[in-house]
Every structure is written in C-alpha cells, then in structure tokens.
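Keep in mind it's a predicted model, so treat the numbers as computed, not measured. Both counts, for ligands and for their atoms, begin at 1 and track the order of listing.
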Amino acid sequence: MDIQQSLQQLKKDLADKEVVLVAVTKTKPPRLIMQAYEEGCRDLGENRVQELIEKHEKLPKDIRWHMIGHLQRNKVKYIAPFIYLIHSVDSLSLLKTINKEGAKNRRPLPCLLQVRIAQEKTKFGLSEKELFEVLNADELRTMKYVKIRGLMGIAPNTNDKAQVKEAFVKLKILFEQIKQHYQLPHVVMEELSMGMSSDYKIAVEVGSTMIRLGSTIFGSRT
Ligand SMILES: *Cc1c(COP(=O)(O)O)cnc(C)c1O
C-alpha cells in the first residue's frame, strides 16, 4: 500500500473514533511527508530535535509538530518557539527548563508526562511513584509557562496482546485518577497518547485520544 492508500484506510477505520492521528515522520524525507500532508495530515511527530527543526523549516507552517522522543534539557530552546506538544516529559528538571523557555517565548508549552508502562529498562518515562512526585511538587505550581495536557506511554514490545492491553489499561486508570484528583490550572488531563503501529487498535479500544503511527502510514523504516 502507498501512503495515500494507508491513510485513506486508516481514516475509514478511525471514522467513528475520537482520536487524533499523529503521523510519525522520523527518517522520512519531506517528499514523502508531503504526500501525507496532501491527504490531510497536520499532526506530525518526530523523535529527534535536529530532524524536527529542519523539517519545521522546510515544510508548511500549518503543521502541528509533536516531539515524541526523549528530550534533552539543552535542546528545549530550539523547539520552544513552535512546538505544538511535547509527549515525552520525564522529569521535573526538564519541566523547569520547559517553563524557562516557554517564558522566553511568552507561550505556555503544552506537555504530556511520559509514564513507563513497560518493564523494559531501555524505555524512558516516569514510574508511577515519580509521576505523582512531579504532580505534587510545589515547584510545578509556580511554572506558569508549562501546560500539562495529559499522559503518554509506550506499551511493552511483545506480541502478547493481553500484556499490551494490561499496560494501556494501567495508563488509562492513572489518567482518570489524575483527572479527578488534580485540579490545578496548568494540569488539565485531556490527552492520552498511546498506541503505535503494532498496537493502536488495542490502545483505541482502551481509550487513547492520540495514536502515533509511523510504519502503518509510511511503511517500515529500514
Ligand atoms: C517511532 C515511534 C512511533 C511510531 O512507531 P511505528 O511502530 O512506526 O508506528 C511512535 N511513538 C514513538 C515514541 C516512536 O518513537
């Protein structure tokens, strides 16, 4: 299937679902990304800052750029002027930097807190305990240029669907719990970013509001 066909199929499959499709364009050249753009994709995700800023410069300005990969503090300044949503916030110190750069640009920066829902050591993200430490931190209350809009998670890399579902359910429960109990002006739980090419159907079933798809749209990365 080509990009156009994959997107048309996806749109059909997702027509009755309230879920935002983030097309993950990492490693893909602008020529292919424009095919997705022509099909209506405006939410694009990248996992490396350098690639993200280069593509932001080259591609149409109505694209909403999502940072989905691990973000180093010293790189926040490069994306702060334009980033639409940072999915991968995994520490209070990163939030501090985001707040500082948001202030410089006079725009609150929308973020998701990334939660580690797979047990693999290689995955970034906050443990459940760390997540609540961040949410309860006094410092967070003073960060006027941070807007926490939800949570993000990456399921374990396994073919075991039950295990994947269990991880997504865990994240959904945390999301609902925070939504009910944390009423801070700059913590508003509205987005739950979960689901990639191999598991997005399960994620949507469990209540994802944002899926991040690369290979389903563009074919596998070689
Ligand atoms: C690469 C990537 C995706 C997309 O992966 P596919 O399996 O190609 O859909 C989603 N989320 C993150 C964080 C990624 O790095």
Side-chain angles (χ1 to χ4, degrees), residues 1-3 5-11 13-14 17 19-29 32-33 35-36 39 41-56 63-72 75-76 79 83-91 94 110-126 131 149-161 163-165 167-168 170-172 175 191-222:
M1 271 208 287
D2 63 17
I3 293 169
Q5 281 176 317
S6 321
L7 281 167
Q8 287 174 358
Q9 186 60 49
L10 268 169
K11 257 182 237 164
D13 295 346
L14 298 170
K17 311 278 195 308
V19 64
V20 174
L21 170 62
V22 178
V24 176
T25 51
K26 63 189 185 201
T27 77
K28 301 297 171 192
L32 294 184
I33 299 172
Q35 290 182 24
E39 278 304 305
C41 287
R42 292 295 180 274
D43 289 278
L44 304 187
E46 284 284 336
N47 68 340
R48 299 177 62 196
V49 167
Q50 186 59 36
E51 209 173 323
L52 179 55
I53 55 184
E54 282 169 15
K55 288 174 179 172
H56 168 257
I63 292 171
R64 296 182 285 266
W65 289 100
H66 297 246
M67 175 61 190
I68 62 172
H70 184 65
L71 179 58
Q72 288 171 303
K75 303 229 167 119
V76 176
I79 61 171
I83 198 74
Y84 177 73
L85 183 62
I86 303 169
H87 290 231
S88 44
V89 175
D90 60 358
S91 71
L94 178 58
C111 301
L112 306 180
L113 297 174
Q114 181 174 353
V115 184
R116 194 161 64 233
I117 52 172
Q119 292 315 311
E120 292 130 77
K121 284 205 180 68
T122 53
K123 295 267 159 73
F124 292 107
L126 299 156
L131 170 67
R149 297 190 55 217
L151 303 179
M152 184 272 239
I154 300 174
N157 188 6
T158 168
N159 291 324
D160 183 348
K161 288 193 170 152
Q163 206 185 323
V164 169
K165 185 165 179 177
F168 285 151
K170 191 174 138 191
L171 189 59
K172 168 76 171 167
F175 176 79
E191 300 293 355
L192 182 54
S193 167
M194 58 184 197
M196 303 169 43
S197 290
S198 59
D199 55 27
Y200 74 91
K201 287 181 183 155
I202 305 172
V204 169
E205 195 185 303
V206 173
S208 169
T209 70
M210 254 181 196
I211 53 177
R212 310 175 308 270
L213 304 188
S215 42
T216 299
I217 299 170
F218 296 102
S220 58
R221 289 178 295 278
T222 45

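Less than 4.0 angstrom separates some heavy atom of Ser197 from each of these atoms of ligand 1: 6 (P), 7 (O), 8 (O), 9 (O). Residue-ligand proximity, Leu213 to ligand 1, at heavy-atom distances under 4.0 Å covers atoms 9 (O). Applying the 4.0 Å criterion to heavy atoms of Lys26 picks out, from ligand 1, the atoms 1 (C), 2 (C), 3 (C), 14 (C), 15 (O). If you number the atoms of ligand 1 from 1 as listed, the ones under 4.0 Å from a heavy atom of Gly214 come out as 4 (C), 6 (P), 8 (O), 9 (O). The distance from ligand 1 to the heavy atoms of Arg212 drops below 4.0 Å at these ligand atoms: 4 (C), 9 (O), 10 (C), 11 (N), 12 (C), 13 (C).
Looking at Ser198 next to ligand 1, no N or O pair under 3.5 Å apart turns up. Of the polar atoms of Asn47, none of the N or O atoms is found under 3.5 Å from an N or O of ligand 1, judged by distance alone. Every N/O-N/O distance between Met196 and ligand 1 stays at or above 3.5 Å.
Panel note: side chain Arg64, backbone Asp43; no donor-acceptor pair is recorded below 3.5 Å. Between the side chain of Lys55 and the backbone N or O of Glu46 there is no donor-acceptor pair closer than 3.5 Å.
Closest approach of Cys41 and Leu7 over heavy atoms only: SG-CD2, 3.6 Å.
Within the structure, ligand 1 lacks Thr216 among the residues with a heavy atom less than 4.0 angstrom away.
Between Ile79 and Trp65, the closest side-chain pair of non-hydrogen atoms is not below 4.5 Å. Tyr200 is listed as a side-chain neighbour of Leu10, based on a closest heavy-atom distance under 4.5 Å.
No more than 12 heavy atoms of other residues, nucleotides or ligands lie within 6.0 Å of CZ in Arg48, so this atom counts as exposed by the packing criterion.
For atom 12 (C) of ligand 1, the closest non-hydrogen atom on the protein side is Ile68 CD1, 3.5 Å.
For the atom pair Met152 CE and Arg212 CZ, the distance stands at 4.5 Å (nearest 0.5 Å).
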